[in-house]
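Atoms considered below: every heavy atom in the structure, side chains included; atoms not considered: hydrogens, waters and symmetry mates. What you see is a predicted model; the values in this text were computed from it and never measured.
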Amino acid sequence: MRYLLLGPMGIDGAETAPAGPRLRSLLAFLALNAGHTVPAERLVDALYGDEPPAGAPGALQSQVSRLRKSVAIEYGPAGYRLVADPEDVDVLRFEQLARDGARAREAGDPGRAAVLLREALGLWRGPALADLAHAPFAAAQSARLEELRADAVEELAEAELALGGDPSELLPWLREAVAAHPLRERLRGQLMRALRRGGRGAEALAEYETARTLLAEELGTDPSPDLAAVHLSILRGEEARTAPASRLPAQLTSFVGRDSELAVLVRLLGSSRLVTLIGTGGTGKTRLALEAAARLPGEVWFVDLSAATRTALAVRGALGLRDSGADDPEAALAEALRDRAALLILDNCEQIVEDAAALTHRLLSHCPGLRVLATSREALGITGESLRPVGPLDTDAAVRLFTDRAVAVRPDFELDDSNSRTVQGICDSLDGLPLAVELAAARLRQLPLAEIADRLDDRFRLLSRGDRTKPERHRTLRAVVEWSWSLLGDEEREFAARLTVFAGGATAEAAGRVCGAGPDAEDLLASLTDKSLVEAGAGRYRMLETIRAYASEQLPLSSRELVDAAHTAYFLELAEAADPELRSADQLRWLERLSAEHANLRAALVRATREDRPSALRLLTALSSFWWLRGLRADVAPVAAELLASLDGDVPGGMEGVDFGSDFSSDFDFDEAYVLCVLAAGVGGAVPGAERARAARIVAERDRPFRQPFTAFLWAISAGPSAGAERPELTGPDPWTRALARAGAGHLHLFHGRVEEAARDLSAALAAFRSLGERWGTATTLAGLAGVSGARGETAAALACADEALVLFEELGCWEDVADLLRERAELLRGAGRLASARADFERALVAARRAGTPAALAAARSALSSCPTS
């Protein structure tokens with residue numbers, strides 16, 4: 001959250017802003033003191049001045065309470081403190097940048113000073129505290145800040161003039177500052193020097209005459225010796241025009257979506273002599289480099305290396321240097337740049353990266369005033385290199401880019417409620433890749449928006465019409481990816497193609513086993529990451545979907561079949577190893593591991609459902625606990641329904657002849673798998689009556705415990721408590737299963753109103769689950785005990801149990817259970833007459849139900865909320 005005071009007051013990132021002048025004044029004063037505790041007496045003085053009303057302390061406390069609905073405020077004996085990083089308050093950020101810029105200039109680094117001071121002055125959007133003039137503290141603060149602003153302009157002017165840059169961008173700041181402070185002679189002198197340097201000597205002399213007249217009329221004095229010296233130097237022609245040459249390609253479109261990255265890059269170029277932007281093709285590295293260069297003072301040269309064979313020759317051509325015929329053209333180039341303060345942009349270094357790196361190292365070693373900004377799909381690998389990865393745009397930025405480019409080809413296009421979700425879906429499907437987003441928006445010239453969205457499965461054909469004036473490798477989406485692919489070695493290509501079998505990224509260990517690379521997988525993944533074909537983070541590696549789609553096309557069918565089989569086998573092994581651990585103290589760690597692999601597990605189940613039913617049934621059985629605990633039942637339901645339909649009427653016992661694999665055929669329980677398949681399919685809609693009846697018959701006639709402890713529990717939930725008498729008793733060989741049996745019995749007692757029996761069984765189950773260190777069973781049992789306490793009229797005890805259970809359910813990510821329990825908690829509060837708290841819990845239940853994403857949970861939450869009065 002950012003607090004904006006240098007112009008109209010605002011809060012960037014807040015859902016709501018405080019209304020009312022007093023609240024806004026209070027927030028502004030706290031923001032000006034962010035990071036510090038402000039005594040209440042000082043706040044009263046700031047809000048009411050020297051004569052506060054008698055009830056001012058109480059009014060302040062009330063105002064702070066209201067303000068806390070929008071922002072975080074801490075209270076202690078010493079006073080109040082806004083919980084905010086000073087960096088997030090534009091005033092404090094401006095002051096720090098201005099101080100750093102002044103220090104850099106005094107230390108003899110005008111380039112860094114100019115970057116810092118430009119960023120500082122760029123934070124101003126108008127007069128400081130302009131809409132808070134009513135506040136007693138505002139006038140003094142505003143005057144102080146305006147003085148600091150003028151100081152910053154003076155420092156920036158000195159830095160820019162020392163660099164010898166083009167003064168055209170400096171002039172507006174100087175003119176505005178001189179207009180606000182007409183008697184500041186240093187500012188006037190800087191304006192005169194900038195005008196003369198820009199070839200406008202007559203205007204510079206006119207400024208001197210204006211200053212002389214004002215000083216005489218207002219102060220009765222003559223211009224200072226310093227200002228008179230500037231005047232004399234202009235008359236003598238000593239302030240000659242020295243604007244450096246720059247050759248940057250002009251841009252025909254607006255720059256969208258990377259403002260924060262641009263600010264960081266500009267600041268980095270002020271302190272680092274070599275910065276390399278790395279990322280896959282189409283992310284906008286070149287455009288970001290050009291935008292940053294345009295905001296920097298001094299000479300800037302742009303060199304496109306995409307078609308170059310020697311970096312030195314391309315740089316000489318860009319600088320307009322003649323071929324001297326020297327034996328060592330790199331040495332001649334270094335000599336030509338030795339005394340120049342310039343920025344060299346080396347674009348598309350990847351195809352001759354070693355040559356580009358060698359020249360860059362030599363130039364930076366011999367030319368102390370030179371800086372280099374490189375763009376590449378891999379690092380140059382030079383000591384001192386600052387790497388800035390340029391990834392896809394986030395969803396909001398990608399949508400803005402799509403909208404901007406869409407209006408260019410269809411002026412009537414407008415983003416609104418009717419199409420925003422479709423545009424967001426397009427941008428997400430294209431990974432937020434700027435080039436892909438732009439190409440998709442361009443297709444609006446010929447296609448309706450919905451058709452573009454529908455055809456993204458064939459994205460390379462859809463996005464095959466680009467700008468004819470661009471290099472061929474940037475005209476189409478396929479060409480961009482092909483360019484990156486062409487830079488890989490044969491082993492890297494084969495591994496990358498095999499890697500496309502992973503639907504949600506992979507660990508190095510999984511990639512090695514599934515792709516057949518073994519211990520070489522880590523080196524291959526590192527190489528693909530270096531070349532921007534793979535993204536790495538948190539121990540996982542993933543491809544952008546566009547790259548994955550292209551790489552998948554490169555995998556022969558025979559190899560695809562082998563890799564698919566290895567993928568299914570790997571994740572089946574993982575699922576079966578994880579299942580018992582989900583009922584242990586290590587539950588959270590295994591849940592996180594399976595959650596990270598959810599897309600891969602689901603992809604393996606989908607594939608096995610169509611190609612390998614035995615493995616599909618094994619996966620379904622092993623993963624039933626995970627899907628239940630993580631609230632992913634609705635996501636798996638369609639796959640389970642397809643698997644159920646694929647059984648083609650096979651009845652229990654009808655698959656004895658199917659080969660389930662030598663490692664488990666004697667242990668596999670088809671009856672249980674069938675019941676779980678019916679249960680999973682039933683989450684998404686009605687299961688055919690015959691299938692449901694078969695499953696019920698299996699449960700009723702079962703003469704031994706199920707191997708998967710969740711099976712009977714899930715069937716009990718599905719069948720309902722009324723079927724409890726016919727349901728076999730939950731027993732099992734392990735403590736977790738026995739604890740679940742007691743919990744199930746307790747819930748059944750509670751449903752039938754047998755409160756004391758329920759309390760006995762649930763308390764015993766809770767003790768057992770706690771001894772195991774297991775969270776889900778503990779939370780479920782606590783939810784039951786909350787019902788017991790509620791039935792006894794012990795509201796406080798019921799709320800305590802519910803609160804502890806909510807913490808555990810939220811840790812597990814069981815959002816459907818969270819929604820259910822919040823509704824029950826709200827009913828307890830409503831019964832106790834605490835309507836406001838009850839409504840707050842109903843609203844929280846709706847949020848949790850949205851996260852769960854199941855229609856039943858959403859419907860229940862909405863119905864409960866609508867039934868609760870607002871007061």
Side-chain angles (χ1 to χ4, degrees), residues 94-95 97-121 124 127-128 140 142-244 270 297-298 339 341 369:
F94 160 75
E95 290 179 305
L97 287 168
R99 283 193 297 270
D100 291 345
R103 291 188 189 117
R105 191 190 67 78
E106 291 170 0
D109 190 352
R112 175 169 169 74
V115 170
L116 293 169
L117 292 161
R118 279 177 176 272
E119 184 178 349
L121 291 166
W124 286 72
S142 178
R144 180 183 72 85
L145 290 169
E146 291 295 343
E147 284 294 320
L148 290 177
R149 185 184 191 183
D151 292 343
V153 172
E154 288 182 349
E155 292 293 335
L156 174 62
E158 285 301 321
E160 296 276 18
L161 291 168
L163 288 167
D166 185 344
S168 58
E169 291 188 16
L170 179 63
L171 284 171
W173 270 323
L174 282 171
R175 289 191 186 279
E176 184 180 353
V178 166
H181 306 275
L183 298 177
R184 287 183 72 140
E185 294 184 71
R186 187 186 185 200
L187 274 175
R188 184 81 65 172
Q190 291 168 334
L191 175 58
M192 292 166 59
R193 291 164 60 194
L195 286 168
R196 179 64 184 93
R197 183 163 293 180
R200 299 155 72 172
E203 291 181 50
L205 294 173
E207 286 293 335
Y208 179 78
E209 291 303 318
T210 300
R212 188 171 64 80
T213 301
L214 280 172
L215 289 166
E217 291 177 351
E218 298 289 333
L219 303 177
T221 63
D222 293 324
S224 66
D226 288 341
L227 187 59
V230 173
H231 179 236
L232 183 59
S233 70
I234 294 173
L235 289 174
R236 292 174 173 174
E238 294 171 358
E239 286 279 345
R241 179 184 178 92
T242 58
D339 299 321

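Here the CG atom belonging to Leu187 is positioned 13.5 Å from the CH2 atom belonging to Trp173, to the nearest 0.5 angstrom. The structure places CG of Asp100 at 6.0 Å from CG of Leu116, a figure rounded to the nearest 0.5 Å. The CG atom of Leu195 lies 12.0 Å from the CZ atom of Arg193; values are rounded to the nearest 0.5 Å. Residue Leu219 holds its CG atom at 9.0 Å from CG of Leu214, rounded to the nearest 0.5 Å.
Of all heavy-atom pairs between Ala150 and Arg184, the closest is CB-NH1, 3.4 Å. When all heavy atoms are compared, the tightest approach of Ala204 to Ile234 is CB-CD1, 3.9 Å. Ala120 and Ala98 make their closest contact through CB-N, 4.1 Å (heavy atoms, listed as atom of the first residue, atom of the second, distance). Minimum heavy-atom separation, Ser142 to Ala128: OG-O, 3.3 Å. The shortest heavy-atom contact between Leu117 and Leu156 is CD1-N, 3.4 Å.
In this structure, the salt bridge (charged side-chain N to carboxylate O under 4.0 Å, His left out) partners of Arg188, at least two apart in sequence or on a different chain, are Glu207. Glu119 pairs by the side-chain hydrogen bond (donor to acceptor under 3.5 Å, both in side chains) definition with Arg93, Arg267, not counting sequence neighbours. When the salt bridge (charged side-chain N to carboxylate O under 4.0 Å, His left out) test is applied to Arg99, no partner is found at least two apart in sequence or on another chain. With sequence neighbours excluded, the residues satisfying side-chain hydrogen bond (donor to acceptor under 3.5 Å, both in side chains) with Ser224 are Glu185.
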Using side-chain contact (heavy atoms from CB on, under 4.5 Å), reason through Val230 and Arg196 one step at a time and then give a plain yes or no. CA-CA 10 Å; Val230 173; Arg196 179 64 184 93; over 6 Å; no
Starting from the C-alpha separation in whole Å, work towards a yes-or-no answer on side-chain contact (heavy atoms from CB on, under 4.5 Å) for His231 and Leu227. CA-CA 6 Å; His231 179 236; Leu227 187 59; over 6 Å; no
Please determine whether salt bridge (charged side-chain N to carboxylate O under 4.0 Å, His left out) holds for the pair Glu155 and Arg103, giving the CA-CA distance in whole Å, both sets of side-chain angles, and the decisive distance to 0.1 Å. CA-CA 10 Å; Glu155 292 293 335; Arg103 291 188 189 117; over 6 Å; no
Run the side-chain contact (heavy atoms from CB on, under 4.5 Å) check on Leu145 and Trp124 step by step: do they pass? CA-CA 11 Å; Leu145 290 169; Trp124 286 72; 3.9 Å; yes
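Residue pairs meeting the salt bridge (Lys or Arg N to Asp or Glu O under 4.0 Å) criterion with at least one partner in residues 216-232, sequence neighbours excluded, are absent.
Under the 4.0 Å criterion applied to side-chain N and carboxylate O atoms, Arg212 and Glu209 are assigned as salt-bridge partners.
No side-chain N or O of Gln190 forms a donor-acceptor pair with one of Glu154 less than 3.5 Å apart.
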Which donor-acceptor pairs under 3.5 Å do side chains of residues 175-182 form with protein atoms, sequence neighbours excluded?
| residue | atom | partner | partner atom | Å |
| --- | --- | --- | --- | --- |
| Arg175 | NH2 | Glu203 | OE1 | 3.1 |
| Glu176 | OE2 | Arg149 | NH2 | 3.2 |

